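Reading through the structure tokens given below for one structure.
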Amino acid sequence: MARKYVLDTNLYIDAIRNSLKEQALEGFLERNAPMTYMSAVVMQELRAGAVTDEQAKVLQDGIFDVFERRNRVVGPSAMAFKDCGRILATLFREDGVPYKDRPRSLVNDILIAITCRENGFALLTADEDFKMIRPHLRGFAHAPPWPTDANSRRATRGARVKPT
């Protein structure tokens with residue numbers, strides 16, 4: 001069975017800012033579009049960064065519409081929010097940093113990770129925060145961008161994470 005993917009916000013932002021990274025994203029999507037989904041949390045993060053009407057239109061037409069037309073947008077469940085709270089409480093017990101002092105992006109990252117786990121998706125990301133999240137989320141898989149042949153047996157083996 002082919003591996004399914006969600007791309008983290010940082011990969012889209014990198015592609016917007018850097019033509020070589022844009023080419024890498026486009027190449028990945030050419031090979032893996034049928035197996036690639038959009039996180040509703042990633043949509044929210046990207047849309048928050050589109051501050052002009054023109055930026056919002058480019059984002060909607062160039063990225064969001066593609067996933068929305070194909071019904072490939074996934075969002076966190078009610079259980080995901082509960083599990084997110086559990087992870088935040090566990091992190092506080094471990095390092096003493098309270099929720100109010102954590103970066104806002106950590107909550108989004110946890111919700112993205114849980115959504116991926118709930119749907120059996122591997123998250124492609126360049127964000128190191130997911131290494132902190134993974135020990136608290138059994139069955140969550142993430143990998144760096146871009147697997148050369150993302151759905152080959154060898155490439156997906158590297159994306160799998162053994163349950164902790």
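If you're wondering where the values come from, they're calculated on a predicted model, not measured in any experiment. In this chain, numbering begins with 1 at the start of the sequence shown.
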- When you look at Val42 and Leu7, which way does the side-chain contact (heavy atoms from CB on, under 4.5 Å) test go after all the steps? CA-CA 8 Å; Val42 170; Leu7 308 180; over 6 Å; no
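- Nearest heavy atoms, Gly75 versus Ala40: CA-CB, 3.9 Å.
- Residues Tyr12 and Leu59 have side chains not in contact (no heavy-atom distance under 4.5 Å, counting atoms from C-beta outward).
- By the 4.5 Å heavy-atom criterion applied to side chains, Thr115 and Phe121 are not counted as neighbours.
- Between Asn108 atom CG and Glu45 atom CD the span is 4.5 Å, to the nearest 0.5 Å.
- Nearest heavy atoms, Ala80 versus Leu111: O-CD2, 3.9 Å.
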Please tabulate, for side-chain N and O atoms in residues 17-27, each donor-acceptor pair with protein atoms closer than 3.5 Å (sequence neighbours left out).
from	atom 1	to	atom 2	distance (Å)
Asn18	OD1	Leu20	N	2.8
Asn18	OD1	Lys21	N	3.0

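- At a threshold of 4.5 Å between non-hydrogen side-chain atoms, the residues Phe28 and Pro145 do not count as touching.
- With Arg70 contributing its side chain and Val66 its backbone, the two residues share a donor-acceptor pair below 3.5 Å.
- Linking Ile, Leu, Val, Met, Phe, Trp and Tyr residues whenever their side-chain heavy atoms come within less than 4.5 Å leaves Phe67 and Val58 in two separate clusters.
- Enclosure of atom CG in Asp61 by more than 12 non-hydrogen atoms of other residues, nucleotides or ligands within 6.0 angstrom is indicated.
- Proximity of Arg47 to Gln60: side-chain heavy atoms (C-beta onward) are nowhere separated by under 4.5 Å.
- Side-chain contact between Met43 and Val73: present, with at least one pair of heavy atoms (C-beta onward) separated by less than 4.5 Å.
- In terms of hydrophobic clustering, with Ile, Leu, Val, Met, Phe, Trp and Tyr side chains grouped at heavy-atom distances under 4.5 Å, Val6 and Trp146 are assigned to a common cluster.
- Proximity of Met38 to Arg72: side-chain heavy atoms (C-beta onward) are nowhere separated by under 4.5 Å.
- Under a hydrophobic clustering in which Ile, Leu, Val, Met, Phe, Trp and Tyr are joined whenever their side-chain heavy atoms come within less than 4.5 Å, directly or via other members, Phe64 and Leu29 fall into the same cluster.
- When only modelled atom types and interatomic distance are considered, Asn10 and Thr125 share a side-chain donor-acceptor pair under 3.5 Å.
- Applying the salt bridge (charged side-chain N to carboxylate O under 4.0 Å, His left out) test to Lys82 and every residue at least two apart in sequence or in another chain returns nothing.
- For the pair Arg134 (side chain) and Leu137 (backbone), a donor-acceptor distance under 3.5 Å is absent.
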- Task: Could you please spell out the steps behind the side-chain contact (heavy atoms from CB on, under 4.5 Å) verdict for Asp127 and His142?
- Result: CA-CA 10 Å; Asp127 186 342; His142 68 95; over 6 Å; no
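- Under the 4.5 Å side-chain heavy-atom criterion for ILVMFWY residues, a single connected hydrophobic cluster contains both Leu46 and Ile110.
- Remark: aromatic rings of Tyr5 and Tyr37 are distant, center separation not under 6.0 Å.
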Show the atom names and distances, to 0.1 Å, of all donor-acceptor pairs under 3.5 Å that link a side chain in residues 88-98 to residues at least two apart or in another chain.
from	atom 1	to	atom 2	distance (Å)
Thr90	OG1	Arg86	O	2.9
Thr90	OG1	Arg93	NH2	3.1
Glu94	OE1	His136	NE2	3.4
Asp95	OD1	Val97	N	2.9
Asp95	OD1	Arg102	NH2	2.6
Asp95	OD2	Arg102	NH1	3.3
Asp95	OD2	Arg102	NH2	3.0

- Go through the steps to decide whether Glu54 and Lys57 satisfy the test salt bridge (charged side-chain N to carboxylate O under 4.0 Å, His left out), and finish with yes or no. CA-CA 5 Å; Glu54 182 181 337; Lys57 181 170 176 29; over 6 Å; no
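- Residues Ile114 and Phe140 fail the side-chain proximity criterion, which asks for heavy atoms closer than 4.5 Å.
- With contacts defined as side-chain heavy-atom distances shorter than 4.5 Å, the pair Leu106/Met132 qualifies.
- With rounding to the nearest 0.5 Å, the separation of CG in Leu11 from CD1 in Ile16 is 11.0 Å.
- When all heavy atoms are compared, the tightest approach of Glu118 to Ser77 is OE2-OG, 2.7 Å.
- Closest of all the heavy-atom pairs between Arg3 and Ala122 is NE-CB, 3.4 Å.
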- Message: For a side-chain contact (heavy atoms from CB on, under 4.5 Å) check, start with the C-alpha distance between Leu124 and Asp8, then their side-chain angles and the critical distance, and finish with the verdict.
- Response: CA-CA 6 Å; Leu124 298 184; Asp8 195 12; over 6 Å; no
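- The OG atom of Ser39 sits 9.0 Å away from the CD atom of Gln44 when rounded to the nearest 0.5 Å.
- For Asp83 (side chain) and Met79 (main-chain N/O), no donor-acceptor pair under 3.5 Å exists by modelled atom type.
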